[in-house]
Amino acid sequence: MRDTLSSGYEPNHVEERWRKHWEEDASFTPDPASPGEGYAIVIPPPNVTGALHIGHALNLTLIDVLCRHARQKGKNVLWIPGTDHAGIATQNVVERALAREGKTRHELGREAFIERVWQWREEYGHRILDQIRSLGCSVDWTRLRFTMDEGLSKAVRKVFVSLYNDGLIYKGDYIINWCSRCHTALADDEVEHEDEAGHLWRIRYHIDQSDEELVVATTRPETIPGDTAVCVHPEDTRYQHLIGKQAIVPILGRKVPIIADSYVDREFGTGALKVTPCHDPNDWMLGKRHDLAFIQVIDENGIMKEESGSYHGLTKEACRNKIIEDIAAQGDLVGEEKLQHAVGHCYRCHTVVEPHVSTQWFVKTTALAKEARDAVPDKTRILPESWRKTYYHWLDTIRDWCISRQIWWGHRIPAWTCADCGKLVVAEQDPTVCPSCGSTHLQQDEDVLDTWFSSSLWPFSTMGWPEKTPELAKYYPTAVLVTGFDIIFFWVARMMMMAQHCMHEVPFKDVYLHALVRDAQGRKMSKSTGNVIDPIVMIEKYGCDALRFTLTAFAAMGRDIRLSEDRIEGYRHFVNKLWNAARFSMMNIGETAPKPFDLGAATGLHNIWILHALEEVKKDVDQALEEYRFNDAAQSCYKFLWGSVCDWYLELVKPDMQKEGAPKNQAQFVLWTVLREILVLLHPIMPFVTAEIWDALPVCEGFEHYELAKAPYPPSRPSCVRPKEAAQMDFLQQVIVAVRTIKAELSISPGKKVRLLLQPADDEQVQLLEDNRELILTVARLEALEIDPGAKAPKASASAVVLGCQIVVPLKGTVDLAGELARLDKQLAKLEKNLIAVNKHLADENFLSRAQPEVVEREQRLSTELLDNKEKLTAMRARFAQALAEDAE
RNA sequence: GGGCAGUUAGCUCAGUUGGUAGAGCAUCGCCUUCACACGGCGGGGGUCGUAGGUUCAAGUCCUGUACUGCCCACCA
């Protein structure tokens, strides 16, 4: 046990000790052979290059809440941590570092460069792991994984070969998205479309051997040298007669056919389209369909090729300006207008993406996508459900997945070409001879795989697949995938596809897609906007628990989180409140633990009431977390601890603590129980402060001591569910509040002890109030308390009515008599308003005959009660007014 | 062009199966009451975007509509 707690919670002193303890103790390293239902979550692997941002913090907090809660519920929990090699992103970072030394990766050569990246990872890759650690994540560090680990690389190769052998991976020429800065192909979803202001130029194409002409509209005149056709709609009467003739490409003078295809939108532009099969995906499709020539005029660096004639060597941007100039000079520029249109950008470096024809590797997605689709929602639920449609839609319209990347950092494609016979060899093990001709001149494919290829195997590759491991047997499929919706396609859908192929089973039973964390204005956080909230800074400033509680409390399903620093600061108060409630408890419990007794037999309304409330929170929190309602779980704890325990129970229990014997011991043990169990409930959300308090709490006789991270969820105590007593307590609270209100509104100092006369409505109230006389005296701060239904109230007194019980505070000696009249009028007006509303219901025939009987009954009861209150209050007002008048005389 | 969210107190958001609107922060008043001023007590503040519909009863269900945000999409 630790010494007394300090008066303010200081997270920095506490947290590091627990991080260390959890790690050294291997607290979160489960044994697959141990009992308990397997419950696994794999971390969405952050990039090794990365630093923890607030989105990670949210993601990791929610996962940790689930894992810690599942442990409490007796599950055998495995949370696998790890990082992603993040091909393009990491290569970019290292290349930038090289550039600062004045070197390029090409100067270094492939092998040395890769060596350099590994070095870089050794040096900086632990940063993100440290940050995961500082968040308090209960991950199993002994099972740390990296997508380029030997085991995972083996899995990658196995899947590649298997897909290839099944005919689901092929190599082919296709128009892909090319980033000329990253110098690699990108998958469709790695391209971000953004509306940009551009121009739509109308350019005249002359018709061969004719005076006629055709005007086409284009946003990309630099591709004109690559034109191999002009296309119109087959039913367009304006152009029908030109179909089959030849158009002359401006400047270059090449003749190209005029073709017809219903793809063309007659309404847009001029209704005539120039076709550049090598530099536009639609034109590529047209080119294939109409068997057109394919002329590439822009190279992989964005420079005009020789085929572009006089524009050879220009950048594509320069070419655009020049060619427009030239066409204008020739008099063939017919028009120029501004146009907003979508332009694709590289999701890694934001360079404009160029459609580019090249040889790439693809995964056939049709069959895989169907299986992934069919698994939802029966085998895998997607939450919130609104994302289900999006998921379906993507899979329904999916195109083959381009998986080759022209970079060096990543899993190199396990394909070799025989230099002698040209045979393509795809194999798990590096081949030494060509199986076809026996040659040893085998050349491995230069490309590496898309990062998402290896990530898509993550749920099972991290558990040791393709080996048959105890982890796979116990923990697969994983319980839930928790991630942001921004990677639903990149990652979630692809894991679903790959798992079906490799495991013939879904990778997870639930997918919980959480929100994006935005700034207070709802903007995305970004370094350039300067609105980022750095979780590490927040942890240092306010403590990890405050950050975690804030994120949890804001994690309502299906809604973005608008975060600002003052919210975190606000919840730090809550952490401190818990700390001080614990301090108070321990001061009153003392060194020696109280003697346990049967809580179901507790006496004292306040004890019975708080135990009842405790049962409710336990139920609520458990239910909320089962349904991923994180915010509800956090709110329940917050309300109970602050609103019930601190605001009331701690005050109510003070008199008991001054006594000796049974009442004191009872209060102590109840307090001990309440504190102990709320610590367990809060622990998944705020692991540090709860563990620290738990550690300082004495252990009662007959109770086992274990550390909080290993504590079970508190079992329900049915004998403590006491709704009747809870309602009685509610009545007492209302009485006390009424007295406080009178004091506050009549400017009677809260500290000033007043006399109170209660005129209960019935014997039951008399009994209840008598039984709790002491409690009322203390909490309402009274000098004297008279409970007497027949008592004669002094005329000059302030009054209120609660459930028919009249509350009278004599005002003799106080100043503000006139204030009371105004106060009563306000109360009466409020009552009257309510009464009218209720009576309107009761006067309605339809309501009486059609509403549920309970509802009608409730309304009737309410009406009677309100009327009674009104009458009593009116009478008191009259008496008081009289007193005022007499006083004036 | 298609799809999905959101619109509730000054701000940020809750509001499970329809039954007289809640929290935190902010604001106002009072209080250094021996756990906590990162505190206590009390007050003020909302015709729940808008128009209809269903219902005895709608913030809650349905339809239309406005605005905001996001995602998807091959109109050059």
Side-chain angles (χ1 to χ4, degrees), chain A residues 5 7-9 189 193 200 216-220 223 231 263-270 272-276 280-286 339 341-342 355 384 386-387 389-390 393-394 397 485-486 488-489 515-516 518 520 522-524 542 546 553-554 556 558-564 566-567 569-588 623-624 627 629 631-632 635 638-639 643 646-647 650-651 654 737 740-745 747-751 781 833-834 837-838 840-841 844-852 854-856 858-859 862:
Chain A
L5 304 171
S7 79
Y9 176 58
D189 51 8
H193 292 273
L200 185 67
V216 305
T218 181
T219 54
R220 304 193 54 211
T223 64
C231 188
Y263 160 75
V264 175
D265 179 354
R266 278 172 280 183
E267 308 301 319
F268 189 88
T270 60
L273 175 71
K274 67 180 213 61
V275 184
T276 321
D280 183 283
N282 303 307
D283 293 9
W284 165 268
M285 175 270 294
L286 288 173
L339 180 76
H341 64 137
S386 53
W387 285 103
K389 256 185 149 168
T390 308
H393 181 254
W394 189 75
T397 57
F485 60 76
D486 50 330
I488 184 170
F489 308 132
L516 238 54
R518 298 173 181 284
R523 297 171 306 182
K524 221 168 172 168
Y542 305 107
F554 277 97
R559 244 184 118 127
D560 280 352
I561 297 175
R562 293 192 181 195
L563 192 70
S564 65
D566 53 300
R567 305 227 169 82
E569 194 184 347
Y571 280 117
R572 178 185 58 168
H573 300 342
F574 177 63
V575 179
N576 195 246
K577 189 76 176 174
L578 169 63
W579 181 259
N580 277 293
R583 238 163 46 89
F584 170 86
S585 306
M586 276 181 260
M587 284 165 63
N588 284 290
Q623 235 168 53
E627 297 164 21
R629 288 183 288 110
N631 57 324
D632 287 342
Q635 284 309 321
Y638 187 100
K639 278 187 181 156
C646 292
D647 288 349
L650 296 188
E651 296 303 320
K654 279 175 181 171
V737 167
R740 285 175 180 162
T741 308
I742 287 172
K743 277 190 177 182
E745 296 199 336
S747 301
I748 300 169
S749 161
R781 300 188 146 261
K833 207 177 122 196
N834 289 344
V838 173
K840 200 177 140 197
H841 269 156
D844 187 343
E845 257 319 303
N846 286 323
F847 174 76
L848 295 174
S849 59
R850 297 193 200 189
Q852 294 163 1
E854 309 91 87
V855 176
V856 176
R858 197 170 60 220
E859 290 286 284
L862 190 59

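Because only heavy atoms are used, hydrogens play no part in the values below, and waters and symmetry mates are left out as well, while side chains stay in. Letters go in sequence order (proteins before strands), and every chain restarts at 1.
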Determine the contact category for [X]: base if any of its heavy atoms lies under 4.0 Å from a base atom, sugar-phosphate if only primed atoms, P, OP1 or OP2 are that close, otherwise nothing.
X: A/Phe554; result: sugar-phosphate
X: A/Val737; result: sugar-phosphate
X: A/Cys646; result: base
X: A/Phe489; result: sugar-phosphate
X: A/Leu516; result: nothing
X: A/Asp647; result: sugar-phosphate

Counting only side-chain nitrogens and oxygens, does [X] get under 4.0 Å of the OP1 or OP2 atom of [N]?
X: A/Arg629; N: B/U16; value: no
X: A/Arg740; N: B/G42; value: yes
X: A/Arg572; N: B/C38; value: no
X: A/Lys654; N: B/A35; value: yes

Between the protein and nucleotides 19-22 of chain B, list every N/O to N/O distance that falls short of 3.5 Å.
residue	atom	partner	partner atom	Å
B/G19	O2'	A/Arg858	NH2	2.6

**OP:** To the nearest 0.5 Å, tell me how far A/Phe489 CZ sits from A/His393 NE2.
**Re:** 8.5 Å
Original post:
Hey, what do you get for SG (A/Cys231) to NZ (A/Lys274), rounding to the nearest 0.5 Å?
Top reply: 12.5 Å
Original post:
If a stem is a run of at least 3 consecutive Watson-Crick or G-U pairs, both distances under 3.5 Å, which stems include RNA chain B?
Top reply: B:1-7 with B:66-72, B:10-13 with B:22-25, B:27-31 with B:39-43, B:49-53 with B:61-65
**OP:** Examine distances only and state if a side-chain atom of A/Asn580 and a backbone atom of A/Asn576 form a donor-acceptor pair shorter than 3.5 Å.
**Re:** yes
**OP:** Please confirm whether any donor atom in the side chain of A/Lys577 sits under 3.5 Å from an acceptor in the base of B/C36, or the reverse.
**Re:** yes
For nucleotides [N] and [M], find the distance between their [atom1] atoms and express it as a whole number of Å.
N: B/C13; M: B/A66; atom1: P; value: 24 Å
N: B/A9; M: B/A14; atom1: C1'; value: 13 Å
N: B/G59; M: B/G19; atom1: C1'; value: 13 Å

**OP:** Let me have a per-nucleotide readout for nucleotides 25-32 of chain B, 5' to 3', with B, S or -, counting only protein heavy atoms under 4.0 Å.
**Re:** -----S--
Original post:
How do A/Arg781 and A/Asn631 order along RNA chain B: which one's closest nucleotide is nearer the 5' end?
Top reply: A/Asn631
